[in-house]
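Only one structure is covered here, and it is reproduced in the block below.
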Amino acid sequence: MNHLDSATIVTIRDGGLVAGDARLHVDECPPCGAALAEAHGRAERIATALEVLAPERPVDLASAKAAVRARLDRRRDGGRRAWRLPPALGRAAALLVLLAGAVYALPGSPVRSWLRSDSLDPPTPVPAAPTLSEGIEVPVTPAGLTISLGSLGEGTRIEVRWTNAGSASIRAGTGTRYTVSTGRASVDVASDPVVIGIPRGDAPITIEANGRMMLRWADGTLDVSDEAVSQAAEAVVFLVGGA
Amino acid sequence: MDFDTTFDAHYPELVRYCHRLTGDGDAAEDIAQESFVRLFDHGVEGTPVGIRAWLFKTATHLVRDRYRVDRNRKRLLEENPVMPTEHDSPERSLERREARELARAALADLVPRDREILLMRYSGFSYKEIADAIDVSATSIGTLLARAERRFEEACAAGEAA
Ligand SMILES: [Zn+2]
């Protein structure tokens, strides 16, 4: 028989299922025996290389548990009123809102009243399954953008990151509803985490949470509220209180 | 299924896996927590081994969702501050930091599926469990793993030479 391929060698090394004659072959063939020894050596090198990759701070089990319990409680409370669109429909709806936003500012636009009527609601409620929704991208014009986050429960986690794109992105839990008009995006948040990407450009950007100013970027200066729990070069994380 | 027992048994390891997968400590904790929320919210039942595989699979998919946009993958290469541990000498700490940067950059060089296979295998999962988590057939894992290992070592070697 021919020498064994690398997939078979690796599978033998890891105790996986291979044909019986492959095992016999590796015992009797010096080149394949050497390849198996080399595969063992490679596994040790890779395990050692990966070993150093550990989180910088030790895991805080107590606060992680509390965070999970809080999210579970919120999800169970919110489940009854949350909506779920099938993913494809969700995407289509988000796109529709974006397109609608573009003509929203036109006087007499039928879209204006349609958006106000909240007709994005599906006709019948479907139990919510918790996933991050697709979210939306909102163009940022030179006049700037205000992102208004509403319906935020106690302790909602909001992460704001800089992006290199010319648009802002907003994602939150499934069931979140987005309404976009020129210079403004209103987000009815169903569950966290909320992840927002904003461009570090000349356009001023304001993010409000439950009607209060949470973050403002203007004239090259970043102001954040005292709800910010961590602020690094790439991201600011907020834990926002109740209404 | 007891909340505390399950959490204590799997959470630290899951954070570690997510951290290696994303290179982002905050995202790792966030995704690990979301995986547990779904575990309890969906009332998933099983043996500890089955629960562990379910959590890793869910986290793998959450990472995919979050980093689906290609440019987000660049975040993997971003620096996180590295805190030297108290008992490390400055030389030892520098060595560790270099090793860490090398490994992180090499992982970031891999395509997502190679990274998932490599990290799941080196978290001790069987070929069958890996296949289930990443939606490929169990018989192809040997081929995919051999390739992922080779690419990881090539990326490490390229990083060392640079
Ligand atoms: Zn041979």
Side-chain angles (χ1 to χ4, degrees), chain A residues 5-12 14-18 39 42-43 45-61 64-65 67-72 74-76 79 129-132 134 157 159 161 163-165 169 171 173 191-193 195 197 230 232-235 237, chain B residues 3-4 7-8 11-12 15-16 19-20 23-30 32-34 36-38 40-42 62 65-66 69 71-72 75 78 80-83 96-97 99-100 102-104 106-107 118-119 121-122 126-128 138-147 149-150 152-153 156:
Chain A
D5 61 19
S6 59
T8 308
I9 295 281
V10 161
T11 307
I12 291 174
D14 293 339
L17 282 175
V18 291
R42 189 166 63 243
R45 288 194 302 274
I46 293 173
T48 306
L50 294 176
E51 193 51 41
V52 295
L53 279 182
E56 284 77 26
R57 50 176 191 272
V59 162
D60 178 352
L61 270 179
K65 272 183 211 175
V68 167
R69 285 205 165 100
R71 277 199 212 179
L72 271 169
R74 223 174 19 251
R75 201 147 293 178
R76 282 164 186 172
T131 60
L132 262 186
E134 289 290 321
R157 185 177 196 281
E159 183 181 314
R161 287 187 173 269
T163 67
N164 297 319
S169 61
R171 297 177 72 197
S191 64
D192 67 355
V195 182
S230 81
E234 296 302 329
V237 176
Chain B
F3 182 93
D4 284 287
F7 203 92
D8 294 352
Y11 183 76
V15 170
R16 204 174 157 87
H19 180 259
R20 288 173 177 174
D24 182 331
D26 289 337
E29 290 231 32
D30 197 33
Q33 287 174 16
E34 179 61 25
F36 273 93
V37 168
R38 292 183 186 197
F40 293 112
D41 200 31
H42 297 187
L62 287 170
D65 283 352
R66 184 173 293 206
V69 181
R71 64 173 181 270
N72 285 353
R75 208 178 295 158
E78 279 168 14
N80 284 318
V82 176
M83 311 297 181
R96 275 184 75 84
R97 194 170 68 217
R100 188 190 298 238
L102 193 65
R104 179 175 293 145
L107 274 180
L118 196 72
L119 292 177
R121 178 59 205 146
Y122 285 83
S126 71
Y127 285 17
K128 192 172 169 301
T139 50
S140 63
I141 293 292
T143 308
L144 296 172
L145 178 65
R147 193 183 64 192
E149 288 186 350
R150 192 182 69 238
F152 180 74
E153 289 226 302
C156 283

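Proteins get letters first, then strands, A, B, ... in listed order; numbering begins at 1 in each. Predicted model only: the values in this text are computed from it and were never measured.
Side-chain contact between A:Asp5 and B:Thr143: absent, with no pair of heavy atoms (C-beta onward) separated by less than 4.5 Å. A:Leu53 is listed as a side-chain neighbour of B:Leu107, based on a closest heavy-atom distance under 4.5 Å.
With rounding to the nearest 0.5 angstrom, the NZ atom of A:Lys65 is 11.0 Å from the OH atom of B:Tyr11. Between atom CZ of residue A:Arg75 and atom CZ of residue B:Arg38 there is a gap of 6.5 Å, rounded to the nearest 0.5 Å. To the nearest 0.5 angstrom, A:Arg71 atom CZ is 13.5 Å from B:Phe40 atom CZ. A distance of 9.5 Å separates OG of A:Ser6 from CD of B:Glu149, quoted to the nearest 0.5 Å. Distance CD/B:Glu153 to CZ/A:Arg42: 6.5 Å, rounded to 0.5 Å.
Between B:Gln33 and A:Ala67, the shortest heavy-atom contact is OE1-CB, 3.4 Å. Shortest non-hydrogen contact noted between B:Arg20 and A:Leu50 is NH2-O, 3.0 Å. Closest non-hydrogen pair, A:Leu61 versus B:Asp8, comes out as CD1-OD1, 3.8 Å. B:Gly142 and A:Thr11 make their closest contact through CA-OG1, 3.6 Å (heavy atoms, listed as atom of the first residue, atom of the second, distance).
Counting heavy-atom pairs closer than 4.5 Å to chain B, the top-ranked of the candidates A:Ile46, A:Val59, A:Val10, A:Thr48 is A:Ile46. Chain A forms more heavy-atom pairs under 4.5 Å with one residue of B:Asp30, B:Asp4, B:Leu145 than with any other, namely B:Asp30. The choice from A:Ala47, A:Gly15, A:Ala235 that makes the most heavy-atom pairs within less than 4.5 Å of chain B is A:Ala47. With chain B as partner, the option from A:Ala64, A:Ala49, A:Gly16 having the largest number of non-hydrogen pairs under 4.5 angstrom is A:Ala64.
Under the 4.0 Å criterion applied to side-chain N and carboxylate O atoms, A:Arg161 and B:Asp26 are not assigned as salt-bridge partners. Between A:Arg74 and B:Asp41 there is no salt bridge, since no side-chain nitrogen of the basic residue lies less than 4.0 Å from a carboxylate oxygen of the acidic one.
Heavy-atom distances place both the backbone and the side chain of B:Ala99 under 4.5 Å from chain A. When heavy atoms are compared at a cutoff of 4.5 Å, A:Ala43 approaches chain B by way of both its backbone and its side chain. There is no contact between B:Leu144 and chain A, counting heavy-atom distances below 4.5 Å. Only the side chain of B:Arg121 comes within less than 4.5 Å of a heavy atom of chain A; its backbone N, CA, C and O stay farther away.
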**OP:** Might you work through the side chain to side chain contact (heavy atoms under 4.5 Å, CB included) test for B:Ile141 and A:Asp14, ending with a clear yes or no?
**Re:** CA-CA 11 Å; B:Ile141 293 292; A:Asp14 293 339; over 6 Å; no
